[in-house]
Amino acid sequence: MTLTQLEIFSLVAELQGFTSAAHRLGISQSAVSHAIKALEQELGVELFRRHQSLVELSDIGAQLLGRARAMLGLANTLQQEAADARGMKRGTLRIGSFGPTASIRLLPTLLQQFRQAYPGIEVHVDEGPDRQVIQWLDERRIDVGFVVLDHERFDTVALFEDQLVALLPAAHPLAANAALPLAALCDDPFILTEAGSSELVMRLFSEARLRPKVRYRCAQLLSTLDAVSRGDGLSIVAQASLPERVDPRYAARPLTPAVPRRIGLAVLDRRQSSPATLAFIALAQKCTAPGLIALNDTPSTLA
């Protein structure tokens with residue numbers, strides 16, 4: 001069993017295809033097939049079920065995938081620790097990001113400074129909904145991810161705090177209020193933005209024993225802004241996710257009582273994090289607002 005075989009196994013599982021994995025790796029499809037066949041023969045199990053051009057993990061394949069990614073992660077950490085001794089001139093950093101707050105407000109500045117400090121580190125960024133970033137962390141597909149805190153099973157550090165705000169058409173009667181109670185948003189059609197803190201928003205309603213009239217689910221914040229501007233419904237979004245330029249078509253009002261939201265970085269286990277990951281976290285802490293500390297009280301919390 002080799003690390004190359006495990007890397008191919010992980011990539012075929014991610015892309016659900018031998019051809020796609022071959023293109024990504026820059027090798028032939030036959031080389032990918034041979035690596036998987038050799039790994040299956042050595043393990044004595046079938047890792048994939050083949051369905052014409054599409055492949056899917058077998059039950060045991062799904063079970064072993066997490067182990068394989070853990071081994072690849074530890075190998076990457078070992079390589080980067082060696083690189084760190086040489087001045088961290090080489091290595092890879094995989095970052096998961098979600099929504100405008102992380103991807104637009106925080107990440108560009110952090111990436112610029114990180115690349116200046118560590119030009120030899122190859123950075124990969126995957127963007128998806130917040131729940132997908134959590135999944136990527138669990139699956140070890142990324143080294144570090146931006147998340148909405150708290151997440152007790154991860155090691156986390158807080159970076160940024162804002163609040164949830166109600167979003168409504170500028171001409172809506174509720175726009176005359178300085179702040180809005182959650183219950184006031186349950187009479188109109190509701191637009192749920194799934195690009196950012198959708199779980200936080202729905203948990204907020206659930207804990208208040210309220211049920212919004214969800215009529216629209218938008219994958220992108222821009223779609224939510226357009227829908228609200230047209231008068232299709234009301235929404236709740238994070239204040240920091242809104243464009244800096246004020247748009248007269250919609251109004252944002254704080255909730256009462258206020259609902260804070262904290263954004264942070266998370267890793268599965270700080271003790272197994274690579275030097276590049278720890279360097280990125282340290283840089284993020286330095287570049288963001290002072291005064292925020294790690295929110296978890298567990299001994300493994302990042303500091």
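We use all heavy atoms of the structure for the numbers below, so side chains are in, but hydrogens, waters and symmetry mates are not.
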Salt bridge (charged side-chain N to carboxylate O under 4.0 Å, His left out): pairs with one or both residues in residues 222-232, sequence neighbours excluded: D226-R249, R230-D232
Main-chain N/O of L180 paired to T256 side chain as donor or acceptor, under 3.5 Å: no
Would you find a donor on one side and an acceptor on the other, under 3.5 Å apart, between the side chain of D162 and the backbone of A240? yes
Is any side-chain heavy atom of H34 closer than 4.5 Å to a side-chain heavy atom of Q5? no
A284 backbone acceptor or donor facing T288 side chain under 3.5 Å: yes
CG of L167 to CG of L185: how many Å apart, nearest 0.5 Å? 10.0 Å
Is there a side-chain contact between R141 and E14, using heavy atoms and a 4.5 Å cut-off? yes
Taking the side chain from S58 and the backbone from E46, do they hold a donor-acceptor pair closer than 3.5 Å? yes
Can you find a side-chain donor-acceptor pair between T277 and S274 that sits under 3.5 Å? yes
Return yes if some donor-acceptor pair links the side-chain N/O of E42 with the main-chain N/O of M1 below 3.5 Å, else return no. yes
Should we count CZ of R211 as having more than 12 external heavy atoms under 6.0 Å? no
Determine whether the side chains of S97 and S103 contain a donor N or O and an acceptor N or O closer than 3.5 Å. yes
Measure the CD-CZ distance between E127 and F98 for me, rounded to the nearest 0.5 Å. 10.0 Å
Determine whether the side chains of Q29 and T19 contain a donor N or O and an acceptor N or O closer than 3.5 Å. yes
For a 4.5 angstrom cut-off between non-hydrogen side-chain atoms, does L242 reach V165? yes
Would you confirm whether R94, through its side chain, and V144, through its main-chain N or O, come within 3.5 Å as a donor-acceptor pair? no
Is it the case that the side chain of S20 and the backbone of Q16 share a donor-acceptor pair, with hydrogens and angles ignored and the cut-off at 3.5 Å? no
Tell me, please, which residues at least two apart from R115 pass salt bridge (charged side-chain N to carboxylate O under 4.0 Å, His left out). none
List for me each residue that meets ring pair (Phe, Tyr, Trp, His ring centres under 6.0 Å) alongside Y250, sequence neighbours excluded, and say none if there are none. none
Does any part of the side chain of I236, heavy atoms only, come nearer than 4.5 Å to the side chain of F205, both counted from C-beta? yes
Hey, does V32 have a side-chain heavy atom less than 4.5 Å from the side chain of V12? yes
Test item: Q113 and T109 side chains (from C-beta on) under 4.5 Å apart, heavy atoms: yes
D188 (side chain) donor-acceptor with G233 (main chain) under 3.5 angstrom: no
Under 3.5 Å, is there a donor-acceptor pair between the side chain of E122 and the main chain of T92? no
Can you find a pair of side-chain heavy atoms, one from T193 and one from Y216, that are under 4.5 Å apart? no
Can you tell me if S10 uses its side chain to pair, donor with acceptor, with the backbone of L6 under 3.5 Å? no
Verify same cluster id: L43, F18 (apolar side-chain graph, 4.5 Å): yes
Sub-4.5 Å side-chain heavy-atom contact between T101 and F146: no
Flag yes if I104 and L159 sit in one hydrophobic cluster, no otherwise; membership is Ile, Leu, Val, Met, Phe, Trp, Tyr, and two members link when side-chain heavy atoms are under 4.5 Å apart. no
